[in-house]
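By convention in this document, chain letters (A, B, ...) are assigned in the order of the sequence lines, proteins followed by strands, and residues within each chain are numbered from 1.
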Amino acid sequence: MAYPFKEIESKWQKFWADNHTFKIDEDYSKPKYYVLDMFPYPSGAGLHIGHPEGYTATDIIARFYKMNGYNVLHPMGFDAFGLPTERYSMETGIHPTEATKVNIENFKRQLNSLGFNYDWDRIVNTTDPEYYKWTQWMFLLIYNSWYDHNLQKARPVSELAIPKHLSDTREIEEYIDSKRLAYISMIPVNWCEALGTVLANEEVDEWKSKGYTVERKPMRQWMLRITEYADRLLNDLDLVEWPQSTRDMQINWIGKSEGAEVVFKSESGENITVFTTRPDTIFGATYLVLAPEHTLVSSLTSGDLREDIENYIKSAAEKSDLERQELNKDKTGKFIGAYAINPANGNRIPIWIADYVLAHYGTGAIMAVPGHDERDHEFAKKYNLPIIQVVAPSVDVIIDIDNEAFCEKSGFGINSSNDEVSLNGLQTYDAIRTMIGWLEGKNIGKGKVQFKLRDWLFSRQRYWGEPIPIMFFEDGTKRALESDELPLVLPPVSDFKPAGTGESPLAKVESWVNFIDKKTGKKARFETNTMPQWAGSCWYYLRFTDNKNTEIFASDEMQKYWMEPAGVDLYVGGSEHAVLHLLYARFWHKVLFDYGYVTTKEPFKKLFHQGLIMGEPEHFFFRNAAGETISAEFVRENDNFEFFDKRNNEKLIQNKIAEDNLEKIGEHFYLKDNQAIRVHSKSYKMSKSRGNVVNPDTVVSEFGADSLRLYEMFLGPLEASKPWQTKNIIGVFNFLNRVWRLIADDNGYLSSQVQKTELNPEQEYVLHSTIKKISEDIPALSFNTSIAQMMIFVNEFNKYDIKPFEAMEKFVRCLAPFAPHISEELWRILGNSESIYFADFPEYDETKASKSTIELVVQVSSKIRGKLQVNVDIDQASAEKLALEDSQVKKHLEGKEIKKVIFVKNKLINFIAV
RNA sequence: GCAGAAGUGGCGGAAUUGGCAGACGCGCUGGACUCAAAAUCCAGUGGGCUCAACACCCGUGCGGGUUCGACUCCCGCCUUCUGUACCA
C-alpha cells in the first residue's frame with residue numbers, strides 16, 4: 001500500500017499556512033541569502049510542468065540555507081501586465097483586472113499545492129497600483145535624467161548646463177528633451193491600416209496570414225536611452241557569475257565595434273556619412289549604398305528614376321524585419337542616378353539604395369568595398385559593379401578577388417595611396433590607424449565606436465500596462481507628474497479595442513484623457529501609450545526586499561541587507577530571458593545606482609538557467625501516398641513538423657508507433673518486423689497543438705507533490721533539457737514509499753524497528769557520506785546526484801532489521817528540502833513538536849564520511865589484473881608487496897621485467913612490465 | 001553562416017586537477033510470498049566468447065594524437081539542441 005501522501009500533503013500545507021511557517025525572519029543580524037525565481041506571467045492556462053522545475057530547485061536551496069542558519073528571502077510574485085490578458089478580455093468581456101485576479105489565485109493554489117516556502121505577505125503583483133506607482137516613479141527618474149559622459153553616470157536634468165545661446169523657454173525645453181534618458185521619437189512600428197492598430201512583432205505573421213497588410217510606419221514613440229549605458233552594461237558583465245553563453249549573448253547584443261565615420265560628398269554637394277570598421281579599405285570603395293529609409297535618398301534621386309525608386313522604398317517598407325532578412329538571401333537594390341566622390345582617390349562612384357543596408361545601424365549608409373566584404377562582393381557581382389583589391393594576404397600572394405572577397409584582418413595594404421597618404425605595405429591594424437589619422441587631419445572623418453544596441457522602444461499602444469505619467473498641454477508643452485501625484489491609475493474601461501488611430505484604447509476614455517491640470521490650471525491630455533511588459537520586471541527583485549513600503553520602492557536598510565554585497569545571490573530562470581529582461585533590468589539598476597538608490601552595480605550575482613522539460617519521446621514511421629513505408633534516412637522534417645521524402649519531396653504521412661515494436665540496431669531504432677525501416681525518434685517541446693502537455697495537477701493527484709518535486713529534480717542535471725517520461729515517476733514514488741516504511745508502520749506510527757542503538761561502522765559511513773554528499777551537492781545545484789545518494793541510504797538501511805533512531809532522524813532532515821511534506825510528517829512521527837522547517841541541517845563527521853579501507857586497483861601494463869582491500873593511505877612499498885602476492889598479478893608478470901611502478905595513492909598501483 | 005552547450009546500456013542519467021566506465025532510477029529476466037494477481041522483498045541485467053565458472057577480448061558519436069593509463073587533454077570531422085542572424 002502506498003503511503004498516504006494526499007492526507008499528509010494537504011494537512012501540512014494547511015498547517016504551514018495557518019501557522020505562517022514561511023514568514024520571513026525579521027532578525028537582520030543573521031547572514032542573509034536571497035534566492036529568486038523569474039516570476040511567472042499568470043496565464044489562464046495555469047502552471048505548466050516546466051514551472052516547478054526551477055521553483056523546486058530554488059525551494060530546495062532556500063530550505064537548505066534556512067536549515068544552515070541563514071535568513072533566506074525566497075519570494076514569489078506575478079508579472080501580470082501584458083497582451084495575452086488584454087486579448088482574453090477582448091474576447092470574453094471579462095476585465096483584465098478580474099481575469100488577472102482569477103489567474104493569480106489559480107497560480108497561488110497550484111504553487112501552494114507543491115509545498116513551496118513562499119511568504120505570501122511578500123507577494124509582488126506588477127498590476128497593483130501600489131506596485132506600478134514605483135514603476136512610474138522609476139520611469140520619471142529616467143525621464144528627468146541626462147547622461148553625463150564625463151562622470152559616466154545619470155544626473156538630474158536640473159543640473160544640466162544650458163548652452164548660453166538658448167534663451168527662449170521652448171528652445172531650452174527642446175534642448176533638455178534632447179538629453180533626457182526617456183524621450184519621444186518617430187520610430188517605425190508594425191502598422192495595420194485595416195485593423196487600425198499597431199501590432200506586436202509576434203502578431204504580425206498571424207494577421208498577415210489572414211490577408212491583412214502590415215507595413216512599417218513611423219509613429220510617435222517613447223524611447224529609453226539604454227545606449228548611454230552600453231559600455232557599462234558590457235564591462236560590468238565581468239562582475240557577475242553568469243553562464244558563459246548568456247554573457248556571450250549579451251556581449252553580442254550590445255555589439256561594440258570600432259571603426260570610423262567617413263564623409264563622402266555627392267556631386268550635388270551633399271555630405272553622406274558612412275560608418276565602417278575597415279577605413280583602411282577606403283581606396284577599394286567603388287560605390288555607396290544607402291538604406292531605403294535614409295533621409296538623403298529623395299533629394300539625391302535623379303528625376304527620371306524617381307517613380308522606380310519610390311516603388312522600391314515602398315516595397316521595402318512593407319516587408320517586416322524578418323522578411324527582409326529571409327528574402328535578402330538574394331540581395332536587391334537600385335541605382336538612384338547620383339554619384340559621390342571617393343575622398344581617398346577622387347573616383348566618381350555611384351550611389352545605390354538597398355534594403356540589406358539597415359537604417360538604424362551606424363549612419364544608415366555604407367561605403368561598399370566589394371573586394372573585402374562578402375555582402376558587398378555578392379551585390380557587386382549581381383549588379384556588375386567594379387571590384388578593386390586593396391588588401392593582400394601577404395606581399396607576394398596573389399588572390400582572385402573577382403571570385404571571392406578577402407575579409408581577413410591580417411593582410412597588407414596595396415593599391416592604396418594618394419598624394420598625402422599611403423597604406424601600401426601596412427599591416428591592416430596600422431593601416432586603419434593611419435587612415436583614421438588622415439581622415440581626421442582632413443576633417444572628413446573620425447574614429448568611432450559603434451554599438452548594435454539600440455535605444456529601447458518603451459511605449460505600447462495597449463490598455464493593459466502601466467500608464468506613462470506625462471501630460472501634454474495645448475500650447476505644446478508638457479509636464480511629468482510629481483511623486484505625490486503617483487500612481488497614475490488606469491481608468492476602468494470595458495472596451496479594449498484600439499482607438500483606430502494607432503493610439504491605445506485609453507485615447508477613447510474621454511474622462512481620463514482630457515482634463516484640467518490642477519497644478520497649472522491648464523487644459524491637459526494624458527499620454528495614451530502604456531509601458532511594455534518588461535517594465536514591471538525591471539525592478540521587482542528590489543520590491544521583494546520591502547514590498548509594503550509606501551515611502552520609497554524599498555528602504556535603504558532593507559535593500560542593502562538583502563542585496564549587498566553583489567546583488568541577488570542566486571537567480572534562476574529560463575534562458576529565453578538571457579538578453580532582453582536581463583539587459584533591461586541591469587539598465588534600470590544602473591540608473592538607480594547612479595542616484596544611490598541601490599548600492600550594488602549589478603542586480604543579479606549568480607544566474608542559472610534551468611533546462612527545458614521536453615515531451616515524452618515519440619517514434620514515427622512514414623508512408624507515402626502509394627502506401628509504401630519509407631525509412632527515416634530518406635525523410636526530412638520542416639519547421640512545422642511536416643515530413644517529406646528527401647528524394648522526391650513527396651509529403652509523407654507519419655504514424656506513431658510504440659517502443660515495444662522497435663529494435664535498436666546501432667544508433668537508430670528500426671521496426672521489429674521490418675528491420676530495413678528506420679523510424680524517426682525524437683522528443684518535442686510540450687505544446688497544446690502537439691497534445692503532449694503534462695499538467696502538474698494531474699501528477700500531484702496521482703503521485704503527490706513530493707514525488708513531482710523529486711522526479712523533476714531526479715530527471716537529470718538542472719541545466720539540461722530532458723524528456724518527460726511519466727512511467728519513470730514510479731521510481732521516486734517507490735523511493736518515498738520505502739522511506740515511509742523505513743520509519744513508519746502501517747498505521748502511521750513510529751515503526752517498532754526504529755530503535756535507539758549505536759550505529760555500526762558501516763552504518764556510520766553510509767549516514768555521514770550521505771550527509772556530506774548532499775551538503776556539497778545542494779549548493780552546486782546538483783540535485784539528481786543528491787537524490788541518488790538518498791536512495792543508496794534507504795537501500796542500505798533497509799538491509800537491517802533495526803533502524804538506528806539517530807540515522808533516521810538525520811536522514812529525514814536531509815530529505816526535508818527535497819520532499820517537505822513527507823519529511824514533516826516523519827519528523828513528527830519521530831517525536832518532534834516543531835516544524836522541520838526550523839530544524840538544523842545535520843552535520844557530518846569527515847572521518848566517518850570516508851571508509852577506513854579502500855579497494856586498490858592493481859594493474860599490469862595498465863590493464864586491471866586485480867583489486868586489493870587495503871587500509872586508507874597505504875604507502876607504496878606495502879601496496880607493492882601485497883600486490884605482488886596476488887596470483888593474477890604473478891601470472892601476468894611471469895617472465896617479464898618490471899620497468900616501472902606507478903602508484904596513485906588510494907587509487908591504483910600499476911606495474912609496467914616488458 | 002556565427003556563438004554556446006551536448007553526444008556514455010533498451011531509456012533518464014552517474015563518473016573530470018587523466019586512474020575500477022555505466023552509480024541511482026525506469027524497463028526487462030528469474031526467484032520468494034500468494035489459490036491467483038497486485039504490492040513487497042531477493043538476485044541478475046553493456047556486448048562478445050564459453051555448457052558454465054574462471055579467464056580473456058571489445059566498448060563512452062567518428063578519425064587521428066599525447067600518455068604507463070583518455071568518457072576526461074590536443075587536432076580534424078559528424079550529429080543534435082539552444083540562441084542569433086546582412087550590424088558594414
Side-chain angles (χ1 to χ4, degrees), chain A residues 1-2 243-249 251-253 255 257 259 274-278 281 289 321-322 324-326 328-329 331 354-358 360-369 372-376 378-379 450-454 575-576 578-579 609 611-612 614 617 659-660 662-664 667 669 682-683 711 714-717 719-725 727-732 734-735 737-738 741 782 784-792 795 798 855-867 888 891 899-913:
Chain A
M1 209 181 70
Q244 189 57 43
S245 58
T246 305
R247 295 176 43 152
D248 287 348
M249 276 190 242
I251 290 168
N252 253 318
W253 193 264
S257 55
V274 304
F275 174 71
T276 176
T277 54
R278 293 295 300 276
T281 61
V289 190
D321 275 354
L322 213 72
R324 242 162 103 156
Q325 286 154 20
E326 279 171 13
N328 277 329
K329 285 194 174 124
K331 298 194 191 335
D355 65 4
Y356 81 90
V357 173
L358 307 173
H360 53 70
Y361 182 77
T363 60
I366 62 158
M367 63 176 207
V369 185
H372 306 284
D373 183 284
E374 277 177 34
R375 297 154 301 183
D376 297 342
E378 185 192 331
F379 194 79
Q450 187 69 46
F451 292 93
K452 266 203 259 185
L453 183 69
R454 291 191 248 166
S575 58
E576 65 272 24
V579 177
H609 299 305
L612 213 57
M614 310 290 284
E659 210 182 311
D660 302 351
L662 304 174
E663 185 155 333
K664 193 161 190 184
E667 279 185 44
F669 281 101
K682 197 172 163 184
S683 276
Y711 175 64
F714 189 58
L715 209 48
E719 68 274 21
S721 85
K722 48 228 160 205
W724 176 273
Q725 285 171 286
K727 71 170 189 191
N728 280 3
I729 299 175
I730 200 74
V732 291
N734 285 343
F735 163 69
N737 276 298
R738 280 202 293 274
R741 286 194 301 269
S782 180
N784 53 334
T785 51
S786 306
I787 294 167
Q789 183 62 41
M790 287 192 277
M791 288 172 168
I792 291 171
N795 292 346
N798 249 335
E855 212 170 34
L856 191 77
V857 172
V858 184
Q859 298 182 334
V860 177
S861 297
S862 301
K863 296 214 165 183
I864 296 157
R865 300 300 178 187
K867 289 166 189 177
Q888 280 299 326
K891 189 177 128 193
K899 287 271 186 204
K900 194 176 168 189
V901 180
I902 292 157
F903 179 70
V904 183
K905 202 170 177 180
N906 294 334
K907 292 277 183 189
L908 61 73
I909 185 159
N910 186 2
F911 299 97
I912 311 301

Could you please name the option among [options] that lies closest to any side-chain atom of [X]?
| X | options | result |
| --- | --- | --- |
| A:Q888 | B:G25, B:A55, B:G10 | B:A55 |
| A:E667 | B:G61, B:G13, B:A3 | B:G61 |
| A:D248 | B:G4, B:G13, B:C11 | B:G4 |
| A:T785 | B:G25, B:A15, B:C26 | B:A15 |
| A:N784 | B:A14, B:G25, B:G12 | B:A14 |

[N], OP1 or OP2 - any side-chain N/O from [X] closer than 4.0 Å?
| X | N | answer |
| --- | --- | --- |
| A:R865 | B:C20 | no |
| A:K863 | B:C57 | yes |
| A:N906 | B:G19 | no |
| A:N734 | B:U40 | yes |
| A:Y356 | B:A88 | no |
| A:S861 | B:G69 | no |
| A:K907 | B:G18 | no |
| A:N728 | B:C11 | no |

Task: For A:P243 against A:H609, the heavy-atom pair lying closest together - done: CG-CD2, 3.8 Å

Would you classify [X] as touching base, sugar-phosphate or nothing, given that sugar-phosphate means primed atoms plus P, OP1 and OP2, and contacts are heavy atoms under 4.0 Å?
| X | value |
| --- | --- |
| A:I366 | base |
| A:R247 | nothing |
| A:K452 | base |
| A:K905 | nothing |
| A:T246 | nothing |
| A:E659 | sugar-phosphate |
| A:S245 | sugar-phosphate |
| A:L908 | base |
| A:P617 | nothing |
| A:E374 | nothing |

- [ ] Tell me, please, which residues at least two apart from A:Y711 pass ring-ring contact (aromatic ring centres under 6.0 Å, His included).
- [x] A:W724

Task: Those residues that, when tested against A:Y361, pass ring-ring contact (aromatic ring centres under 6.0 Å, His included) (two or more places apart) - done: none

Spatial distance of atom [atom1] ([X]) from atom [atom2] ([Y]) [nearest 0.5 Å]:
| X | Y | atom1 | atom2 | answer |
| --- | --- | --- | --- | --- |
| A:Q725 | A:S683 | CD | OG | 7.0 Å |
| A:F379 | A:D373 | CZ | CG | 12.0 Å |
| A:K900 | A:N910 | NZ | CG | 9.0 Å |

Rounded to the Å, how far apart are [X] [atom1] and [N] [atom2]?
| X | N | atom1 | atom2 | answer |
| --- | --- | --- | --- | --- |
| A:Q244 | B:A3 | CD | P | 13 Å |
| A:F714 | B:G13 | CZ | C1' | 8 Å |
| A:I902 | B:G19 | CD1 | C1' | 10 Å |
| A:I912 | B:G69 | CD1 | P | 7 Å |
| A:N910 | B:G19 | CG | C1' | 9 Å |
| A:E576 | B:A5 | CD | P | 19 Å |
| A:E719 | B:A5 | CD | P | 12 Å |
| A:Q859 | B:A70 | CD | C1' | 12 Å |

Task: Sequence-distant partners of A:D376, salt bridge (charged side-chain N to carboxylate O under 4.0 Å, His left out), two or more places apart - done: none

- [ ] For A:R865, check salt bridge (charged side-chain N to carboxylate O under 4.0 Å, His left out) against everything at least two apart and list the hits.
- [x] none

Open item on the list: So, under a plain 3.5 Å distance rule, would you say the side chain of A:K727 forms a donor-acceptor pair with the base of B:C26?
Closed with: no

Are any protein N/O atoms closer than 3.5 Å to N/O atoms in nucleotides 29-34 of chain B? If there are, list each pair with its distance.
none

For the [atom1] atoms, the ones on [N] and on [M], what distance do you get once it is rounded to whole angstrom?
| N | M | atom1 | value |
| --- | --- | --- | --- |
| B:A43 | B:G10 | P | 24 Å |
| B:G27 | B:G19 | P | 33 Å |
| B:A15 | B:G22 | P | 13 Å |
| B:G65 | B:U72 | C1' | 15 Å |
| B:G47 | B:U60 | P | 15 Å |
| B:C42 | B:G25 | P | 11 Å |
| B:C28 | B:C11 | C1' | 11 Å |
| B:A14 | B:G61 | P | 14 Å |

TODO: Report yes if the side chains of A:R278 and A:V369 come closer than 4.5 Å at any heavy-atom pair, otherwise no.
DONE: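 Side chain of A:R278 against side chain of A:V369, heavy atoms only: no contact under 4.5 Å found.
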
Task: Within-4.5 Å side-chain heavy-atom neighbours: A:V732 and A:M791 - done: yes

Task: Glycosidic class, syn or anti, of B:G13 using a 90° window around 0 - done: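 Anti.
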
Task: Involving RNA chain B, stems made of at least three consecutive Watson-Crick or G-U pairs, both distances under 3.5 Å - done: B:1-7 with B:78-84, B:10-12 with B:24-26, B:27-32 with B:40-45, B:46-48 with B:56-58, B:61-65 with B:73-77

TODO: List the steps, then state whether side chain to side chain contact (heavy atoms under 4.5 Å, CB included) holds for A:N795 with A:R738.
DONE: CA-CA 9 Å; A:N795 292 346; A:R738 280 202 293 274; 3.8 Å; yes

